[in-house]
Amino acid sequence: MKSNIYIGSMVCLMACLFTACNDEFLERYPLDEVSNETFWNTENDLATYNNTLYHMALNDNEVPIMMAHHEGFNSLAWSYYFQDEFADNLAPRHERHLFFQQVRAGRQIVPNDAQWFGYSGWNFVRAINIGLENYGKAAISDEARNKYVGEARLFRGWFYAEKVQKFGDVPWVEQELNIDDEQLFAARTPREEAMDNVLADLEFATTHIPNDWGDGNEPGRLNRWAALAVMARVCLFEGTWRKYHGGSNPEMWLRKAADAAKEIMDNGPYAVYNTGDTENDYNAYHRILDLSGNPEVMVWRRYQLGIYTNHVQSYFSYTGGATRSLVEDYLAADGLPISLSPLYQGDATIEDVFVNRDPRLRQTILHPDDTEKYKYHVNDGREYPRIVGMPGGYTTTTGYHIIKHYNADDMIGKAYNTAETPGIILRYGEVLLNYAEAMAELGEITQADLDMSINLLRDRVGMPHLDLNPPMDPRYADDGISPLLVEIRRERRVELFLEGFRYNDLKRWKQGKKLESPDMGIRWTPEAEARYAGAAIQTSVDPDNGNTYIDVYKGTDWENPVFDEGKHYLWPLPLDDLAQNPQLEQNPGYN
């Protein structure tokens, strides 16, 4: 975001304010320096201070809420592209993505200090609380002041919600902490109490942040619609978590999620991006550098040469490739699961997989015939797919290359770490999915609700509409949910693939046992062995159909993934934090 990027000088301001002296000696302050006592005067001062919060949120590891792609080399892992590696959508084998593999396989260790996207970033909360304690000093109207209070509270609520999702109970802090504060060594706040505080922050934000900051939003500050989208996301997580894991009043949280999403749908300025090109619209805007004017993109991060850049396109191969599990979740062209549709042509070859399928599949996974269309990999002249062990080009562990976000033009002719691939932080499509799921979980969904949400996404790709009574996919008959919820969850997996949602979705649905299924790739036949000469893979036979498939982790430490229901829905706290604060307690199962 512009307000995230063009604020390097703010670091100096932060240093001054955070260390401002409280010495009242003669109550005289330097006239040539910024101090806490002299800074908080105008609306511009508050805006300038909050710019610093945007700057801190650029750290997608320490503050993983507005996740896009970390700067330069660190985009090798700190990007929302790679979050699906924690789940069953991707199958990485690269050593730089070892942490993803550990979590995916249930082999996560208790760290000494914070893991990636882990128990860190608390300086962000301190910065927020310093602002909240000082905004009242400005001689401006409450209406003007509360825009920035709301902005800060949105950041705080969003940050804490993410920490609760990973760790459960958290140390809730509402004031600036200094080195001698007793609260530094307080116990964790119980989850439900912390989430009540999160909700209060988000509700304040959604009632005081303006609909439009007048900055053009290309990109710009987080507006009220963004706050509502965050609220819908957070409340859907909490409502479904409490419904499936146990907890008080899940219906209230689901209602908040539905209402926040519906407010955007009814009154917001957003729409599904749809030009009528069913073969390209789904991935078209994920593959360009400038998202200005796109009606579906609510919040995004801009990267610009010489200011802030990444290298994320060159790390696509680190994902390993999409899994068979993901690919088989795409419906057939008649709107039926492949387990029920007569149109499904099977998977004897990779080309067969794409026949008569939801067009999003071919706009997500590389069809061999589309290699030139996508300039994959930077027009190197090789035939794709290519599998680990084959020489040259990009290779996958599964045979399923990902092209949903692929933009060769952001690599061709560019030096290392100078790419400008943008990051979509919030988009309207997620809002629609959140609304449909919340209404379904409440047991109140109607055909009109489906038509104004999921069916708009299906219209973009020319797929048949979802109705209230779809057939049960036999593969999900044992999940304990209705056929309609099966289809809503499938739609979410398909539409939001590689956007960072799958792992959290499985956790909140209490479907962690799905992570015990091995990650498979394309079907392996004698013809495939000849076609992919040199591939270094292991295979296994699927007992359900008797066919042989690439088995990505066979023969490795991750061959038999485990998911402990009493342990793995939460992450462990670092040993260093436990040692520094004896009142912190480790999460169950990690002692």
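Heavy atoms only: backbone and side chains are in, while hydrogens, waters and symmetry mates are out.
The pair Arg490-Asp473 counts as a salt bridge, with a side-chain nitrogen and a carboxylate oxygen less than 4.0 angstrom apart. Using a 4.0 Å cut-off between a side-chain N of Lys or Arg and a carboxylate O of Asp or Glu, Asp542 and Arg523 do not qualify as a salt bridge. Contact check on Asp505 versus Arg492 returns a salt bridge, with a Lys/Arg side-chain nitrogen under 4.0 Å from an Asp/Glu carboxylate oxygen. The pair Glu238-Lys243 does not count as a salt bridge, with every side-chain nitrogen at least 4.0 angstrom from each carboxylate oxygen. Salt-bridge check for Glu495 with Arg427: passed, with a basic side-chain N closer than 4.0 Å to an acidic carboxylate O.
The salt bridge (charged side-chain N to carboxylate O under 4.0 Å, His left out) check on Arg362 picks up Asp370, with sequence neighbours excluded.
Between Phe86 and Phe99, a ring centre-to-centre spacing shorter than 6.0 Å is recorded. The ring of Phe316 has its center closer than 6.0 angstrom to the ring center of Tyr81. Aromatic ring centres of Tyr376 and His401: separated by under 6.0 Å. For Trp116 and Phe100, the ring centers are positioned less than 6.0 Å apart. Residues Tyr569 and Phe563 bring their aromatic ring centres within 6.0 Å.
Between the NE2 atom of His377 and the OH atom of Tyr406 there is a distance of 5.0 Å, given to the nearest 0.5 Å. A distance of 9.5 Å separates CG of Asp479 from CH2 of Trp509, quoted to the nearest 0.5 Å.
Heavy atoms from other residues, nucleotides or ligands lying under 6.0 Å from NZ of Lys404 number more than 12.
Of the options Tyr80, Tyr315, Trp78, Phe82, a ring-ring contact (aromatic ring centres under 6.0 Å, His included) to His69 is made by Tyr80 and by none of the others.
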